[in-house]
Amino acid sequence: MSSTSKDAVTLRAKRSKKPSDGKTRRNVEIFVLSAPAILLFVCFVILPIVLGAYYGFYQWKGYGLPSKTGKFVGFQNYITALKDPAFQAAILHTFEVVIGSLVIQAPLAILFALLLNQKFKGRGLIRTLIFVPYVVSEVIVGTGWSLLLQKKGAINEILANFGINGPDWLADPKIAIWTLLLLISWKYVGFAVILMLAGMQSIPDELYEAARVDGASFWQMQRSITLPLLAPTLRIWVFLSMIGSLQLFDLVYIVWGKYVSTTAGVSTMATYMVREGRGAGNYGYGSAVALIIFVISLIIALVYQKFVLNRDLDGAVTEQKEAEKRARKRAKEVQHREVAALASEVK
């Protein structure tokens, strides 16, 4: 084979190679486009967490630098918070809210979504009415319900007309936690219903039609089709509900106040943080409590993601990896065919 033929084969082989995918350019574009979001995340999330951990090492009144106007106490704030029975009770109440919200709202949301997923007159109005409490401000909701649930409020007056002696909905420790769960469910069940409806409407109608042909009843279709295919949406809602319950503050603070919430047995980690931190003028202690709340929430989120949410993520990643593997295999086959064609032309 002459040198000219060899050069031609080499040149054609180089041209037949897979062109550069612009990896460097793509990385630069990703960095440029994501830099503003990363900067905001660092400034408004990472930096406050680091500063909160730093402030937690001081007994500090909230003005000036902690190293100058405060007293360094090391891990004492964290130890005191974890040993405080009031904070332990607040953690217990918070987890009661987490579990109670899931147990009450999940069945209600699924039932309402099943109802509103059917075609009937006035469906749009009912959807709007269910979702309205979610968009109403917590201040309005808390103020209104606190007036209605007073010992001599409107609800007890209505019960009195029927000869029923209404309880103390807000101050009785045996009833207050159920009152709180009722308020939370009334306000946030609309959000769960909207998510469930979105998940149900993404289920293909062909599955239901095939089930009807096979003679399945309405409830059999919901049990065998709707609920399994609704599971990813339900898992996402459970995650959002848990994180929201762990951060619960405004409704408790508005309805019960920072002192009554403790005696009524509805104090949460957030209300304890505000009461013992800003309310007591000890911002270092409040920062320590805030960091503890963050760590608890982070652990729960990571555990839930590891054992629950990764089921959906693993499926998506597996499909993506399989698609990439097939694409690489096809590219290699095309390259081999081109090289073989060039070799046959030279011969």
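When reading the values below, keep in mind they use all heavy atoms of this one structure, side chains included, and skip hydrogens, waters and symmetry mates. Nothing here was measured: the structure is a model prediction, and the numbers come from that model.
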Enquirer: Could you name each residue pair satisfying side chain to side chain donor-acceptor pair (under 3.5 Å) that touches residues 140-151, not counting sequence neighbours?
Expert: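 Found none.
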Enquirer: Could you walk me through whether L116 and L197 pass the side chain to side chain contact (heavy atoms under 4.5 Å, CB included) test, one step at a time?
Expert: CA-CA 8 Å; L116 296 176; L197 273 174; 4.2 Å; yes
Enquirer: Calculate, to the nearest 0.5 Å, the distance between atoms CH2 and CG belonging to W237 and L234 respectively.
Expert: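 The CH2 atom of W237 sits 7.0 Å away from the CG atom of L234.
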Enquirer: What do the steps show when you test W256 against L180 for side chain to side chain contact (heavy atoms under 4.5 Å, CB included), and what is the final call?
Expert: CA-CA 10 Å; W256 280 272; L180 176 60; 3.8 Å; yes
Enquirer: Under a 4.5 Å side-chain heavy-atom rule over Ile, Leu, Val, Met, Phe, Trp and Tyr, are I104 and V266 clustered together?
Expert: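 Same cluster.
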Enquirer: Using the test side chain to side chain donor-acceptor pair (under 3.5 Å), find all partners of T226 that sit at least two apart in sequence or belong to another chain.
Expert: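 Testing T226 for side chain to side chain donor-acceptor pair (under 3.5 Å), a comparison that skips the adjacent residues, returns Y208, Q222.
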Enquirer: Walk me through it: do L182 and W178 pass the test side chain to side chain contact (heavy atoms under 4.5 Å, CB included)?
Expert: CA-CA 6 Å; L182 174 65; W178 296 104; over 6 Å; no
Enquirer: Could you list the residues that satisfy salt bridge (Lys or Arg N to Asp or Glu O under 4.0 Å) with E157, not counting sequence neighbours?
Expert: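 Here no residue qualifies.
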Enquirer: Any side-chain heavy atom of V193 within less than 4.5 Å of one from F131?
Expert: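 V193 vs F131: side chains apart.
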Enquirer: Could you pull out every donor-acceptor pair under 3.5 Å between side chains of residues 165-177 and any protein atom, sequence neighbours left out?
Expert:
residue	atom	partner	partner atom	Å
D168	OD1	A171	N	3.4
W169	NE1	N156	OD1	2.8
D172	OD1	K174	N	3.1

Enquirer: When you group the ILVMFWY residues by side-chain heavy-atom contacts below 4.5 Å and let the links chain together, are I91 and I300 in the same group?
Expert: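 Yes, I300 connects to I91 through the hydrophobic network.
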Enquirer: To the nearest 0.5 Å, tell me how far I225 CD1 sits from L230 CG.
Expert: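 The CD1 atom of I225 sits 12.5 Å away from the CG atom of L230.
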Enquirer: Any side-chain to backbone donor/acceptor pair from Q305 onto L302? Under 3.5 Å, distance only.
Expert: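 It does not hold such a pair.
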Enquirer: Would a line drawn from the ring center of F191 to the ring center of Y188 be shorter than 6.0 Å?
Expert: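 No, ring centres 6.0 Å or more apart.
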Enquirer: Indicate yes or no for a side-chain donor-acceptor contact from D214 to the backbone of A216 under 3.5 Å, with no hydrogens or angles considered.
Expert: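 Between the backbone of A216 and the side chain of D214 there is no qualifying donor-acceptor contact (under 3.5 Å).
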Enquirer: Ignoring hydrogens and geometry beyond distance, is a side-chain donor-acceptor pair present between Q76 and T80 at under 3.5 Å?
Expert: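 The criterion, which ignores hydrogens and geometry beyond distance, is satisfied for T80 and Q76.
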Enquirer: Taking the side chain as every heavy atom from C-beta outward, state whether M200 and L114 have any pair of such atoms under 4.5 Å apart.
Expert: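 Yes, at least one pair of side-chain atoms sits under 4.5 Å.
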Enquirer: Which atom names give the shortest non-hydrogen contact between V189 and L108, and what distance separates them?
Expert: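 Nearest heavy atoms, V189 then L108: CG2-CB, 4.1 Å.
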Enquirer: Using atom types as modelled and distance alone, determine if a side-chain donor or acceptor of Y304 lies under 3.5 Å from a backbone N or O of R235.
Expert: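 Between the backbone of R235 and the side chain of Y304 there is a qualifying donor-acceptor contact (under 3.5 Å).
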Enquirer: Distance check, rounded to the nearest 0.5 Å: Q247 atom CD versus F294 atom CZ?
Expert: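 Interatomic distance, Q247 CD to F294 CZ, rounded to 0.5 Å: 11.0 Å.
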Enquirer: Closest heavy-atom contact between P232 and P228?
Expert: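 Distance-wise, the nearest heavy atoms are CD-O, 4.1 Å.
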Enquirer: Look at atom CZ of R123 and say whether more than 12 heavy atoms of other residues, nucleotides or ligands are closer to it than 6.0 Å.
Expert: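 Buried by this count: over 12 neighbours within 6.0 Å.
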Enquirer: So if you build clusters from Ile, Leu, Val, Met, Phe, Trp, Tyr with side-chain heavy-atom gaps below 4.5 Å, do V308 and L102 land together?
Expert: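 Yes, V308 connects to L102 through the hydrophobic network.
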Enquirer: Is it possible for you to say whether F112 and L125 belong to one hydrophobic cluster, with membership spreading through side-chain heavy-atom contacts below 4.5 Å?
Expert: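 No, because F112 and L125 fall into different hydrophobic clusters, even though each may have its own neighbours under 4.5 Å.
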Enquirer: For P133 and K187, which heavy atoms make the closest approach, and how far apart are they?
Expert: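 Nearest heavy atoms, P133 then K187: O-NZ, 2.9 Å.
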Enquirer: For residues 40-65, which side-chain donor-acceptor pairs fall under 3.5 Å, sequence neighbours excluded?
Expert:
residue	atom	partner	partner atom	Å
W60	NE1	Y63	O	3.1
W60	NE1	G64	O	3.4
W60	NE1	T69	OG1	3.3

Enquirer: Can you confirm whether L183 sits close enough to V141 that some side-chain heavy atom of one is under 4.5 Å from a side-chain heavy atom of the other?
Expert: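 They are not in side-chain contact.
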Enquirer: Main chain of Y253, side chain of T271: is a donor-acceptor contact present, judged purely on distance under 3.5 Å?
Expert: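 Flag not set: sc T271 to bb Y253 has no pair under 3.5 Å.
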Enquirer: Taking atom OG of S267 and atom CZ of F87, what is their separation to the nearest 0.5 Å?
Expert: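 Rounded to the nearest 0.5 Å, the OG-CZ separation comes to 10.0 Å.
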Enquirer: Is the CZ atom of F120 crowded by more than 12 outside heavy atoms at less than 6.0 Å?
Expert: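 Enclosed: over 12 neighbouring heavy atoms sit under 6.0 Å from CZ of F120.
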Enquirer: Tell me whether M273 is reachable from I296 by hopping between hydrophobic residues (I, L, V, M, F, W, Y) whose side-chain heavy atoms are closer than 4.5 Å.
Expert: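 The answer is yes; both residues are in one hydrophobic cluster.
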Enquirer: Drop me the distance from L207's CG to M221's CE, to the nearest 0.5 angstrom.
Expert: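 The distance works out to 11.0 Å.
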Enquirer: Tell me whether the count of non-hydrogen atoms from other residues, nucleotides or ligands lying under 6.0 Å of CH2 in W186 goes above 12.
Expert: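 Count over threshold, so yes.
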Enquirer: With side chains defined as the heavy atoms from C-beta onward, is the minimum distance between F162 and I158 less than 4.5 Å?
Expert: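 Yes, side chains in contact.
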Enquirer: Just do the side chain to side chain contact (heavy atoms under 4.5 Å, CB included) check on L181 and V103 with the steps written out, would you?
Expert: CA-CA 10 Å; L181 291 174; V103 171; over 6 Å; no
Enquirer: Give every residue pair that meets the side chain to side chain donor-acceptor pair (under 3.5 Å) criterion with at least one member in residues 97-120, sequence neighbours excluded.
Expert: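 Sorted result for residues 97-120: empty, none.
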Enquirer: Return the minimal non-hydrogen interatomic distance between N77 and A288, and the atom names on each side.
Expert: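 In terms of heavy atoms, the two residues are closest at CB-CB, 3.7 Å.
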Enquirer: Which pair of non-hydrogen atoms, one from M269 and one from I293, has the smallest distance, and what is that distance?
Expert: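 Residues M269 and I293, closest heavy atoms: O-CD1, 3.5 Å.
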Enquirer: What's the spacing between I184 CD1 and L248 CG if we round to 0.5 Å?
Expert: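 The distance works out to 4.5 Å.
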Enquirer: If you take all heavy atoms of F249 and A270, which pair is closest and at what distance?
Expert: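 Looking at all heavy atoms of both residues, the shortest contact is CB-CB, 3.6 Å.
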